[in-house]
Structures are given as structure tokens and as C-alpha cells.
Amino acid sequence: MVLETMDSGGYTYARVAVGEDEMWAAGPQTPLAVGDTVSLSGPMPMSNFTSNTLNRTFEVILFVDAFTPGAPPAQAPGRQGTVIQAIDAAGYTYLEVDVDGASLWLAGPQTAVAEGDVVTWVDEMPMRGFTSTTLDRTFEEIIFVGKVVVTR
């Protein structure tokens with residue numbers, strides 16, 4: 001759901017609620033109103049993005065191909081892995097998970113998880129060379145996810 005919106009420099013910036021979390025997204029200028037339900041098409045995260053036209057820096061913002069009216073379609077169950085470690089920072093949970101003997105990193109909305117939990121996730125968006133300034137760490141590869149669910 002759209003919580004705040006503004007147009008600037010040919011883009012629409014929207015603060016949106018995703019479950020109990022909030023995030024900023026930017027995409028092609030689109031008529032949006034507070035309270036609208038939208039899905040975000042092709043999200044690509046960017047850290048420490050400065051909008052010169054807004055004179056504002058966003059710690060993390062998702063650049064989208066489009067804001068589409070209505071809720072996103074229901075997702076099939078995602079992939080599954082076992083949590084090796086979990087780090088909460090700036091409203092996100094960073095998870096190192098074991099998937100069939102291989103370790104990979106996920107980042108998604110802050111979620112209560114513990115080492116050894118089995119989790120599933122959906123809405124994968126891989127990113128190479130991502131730097132988290134909050135963690136002061138660069139991940140060779142990280143997968144941004146829309147939701148993480150503890151299954152056991």
C-alpha cells in the first residue's frame with residue numbers, strides 16, 4: 001500500500017508498506033495516491049542513492065520498471081534453506097543460508113529467525129557486488145527477497 005508519494009525529475013517516488021515493513025521505490029512517473037495498492041515490477045535495490053531533484057539521500061531504494069495497480073499475484077512457495085547466521089540491520093534481515101550444501105546470502109524485510117531455522121523465500125532478485133553501508137560489508141553476491149518464512 002502506498003504511504004507517501006511524490007513526483008520529481010520524471011520519476012514517481014513512493015514509500016510503500018510491504019507487510020509490516022516500509023520501503024521506498026522509484027519508477028516512471030505514475031499517478032499514485034496514498035492508500036493505493038500497487039505491485040512493484042522488476043525491483044532493483046540501490047544503496048545510498050541521492051536524488052538531486054529531491055535533495056535527499058535514500059539509504060535503500062528500489063528502482064522499478066513500473067508501479068502496477070493492485071496486489072501482486074499469489075506466489076508459489078519459494079526456495080528453502082537452513083539458516084547459518086542472521087544479522088538484523090536498518091529494517092532488513094541478512095541471512096546466510098545453506099541450500100543443498102552451498103552457502104548463499106539473502107536480504108529481506110526484518111524477520112525473526114535463528115541459526116538452524118529452516119526458511120523459505122520468494123521474489124528473488126540477485127545482485128552482485130552489493131555494499132551495505134550499515135554493515136560496512138560488500139557481498140560478492142546477495143539475493144534480495146520479498147519475504148522470508150520460518151518453516152521449522
Non-neighbouring partners of Glu141 that pass salt bridge (Lys or Arg N to Asp or Glu O under 4.0 Å), sequence neighbours left out:
Arg128
Short question: side chain of Asp36, backbone of Ala33 - any donor-acceptor pair under 3.5 Å?
yes
I need the minimum non-hydrogen distance between Tyr94 and Ser132, along with the two atoms involved.
OH-OG, 3.5 Å
Contact list for residues 96-117, test ring-ring contact (aromatic ring centres under 6.0 Å, His included), sequence neighbours left out:
Trp105-Phe139
Can you sort out the partners of Thr12 under side chain to side chain donor-acceptor pair (under 3.5 Å), two or more places apart, ordered by chain and number?
Asp7
Name all residues meeting the side-chain contact (heavy atoms from CB on, under 4.5 Å) criterion together with Thr57; count only those two or more places apart in sequence or in a different chain, and write none if there are none.
Thr50
The criterion is side-chain contact (heavy atoms from CB on, under 4.5 Å); which residues satisfy it with Val34, sequence neighbours excluded?
none
Given side-chain contact (heavy atoms from CB on, under 4.5 Å), test Leu3 with Val16 step by step and report yes or no.
CA-CA 5 Å; Leu3 303 173; Val16 296; 5.9 Å; no
For Tyr11, the side chain to side chain donor-acceptor pair (under 3.5 Å) test, sequence neighbours excluded, returns none
Compare all side-chain heavy atoms of Trp24 with those of Arg56 and state whether any distance is below 4.5 angstrom.
yes
What residues, two or more places apart in sequence or in another chain, satisfy side-chain contact (heavy atoms from CB on, under 4.5 Å) together with Thr53?
Ser8, Ser51
Arg15 meets the side chain to side chain donor-acceptor pair (under 3.5 Å) criterion, sequence neighbours left out, with Glu4, Glu22
List for me each residue that meets side chain to side chain donor-acceptor pair (under 3.5 Å) alongside Thr93, sequence neighbours excluded, and say none if there are none.
Asp88
Output all residues satisfying side-chain contact (heavy atoms from CB on, under 4.5 Å) with Thr133, sequence neighbours left out; order by chain, then residue number.
Asn48
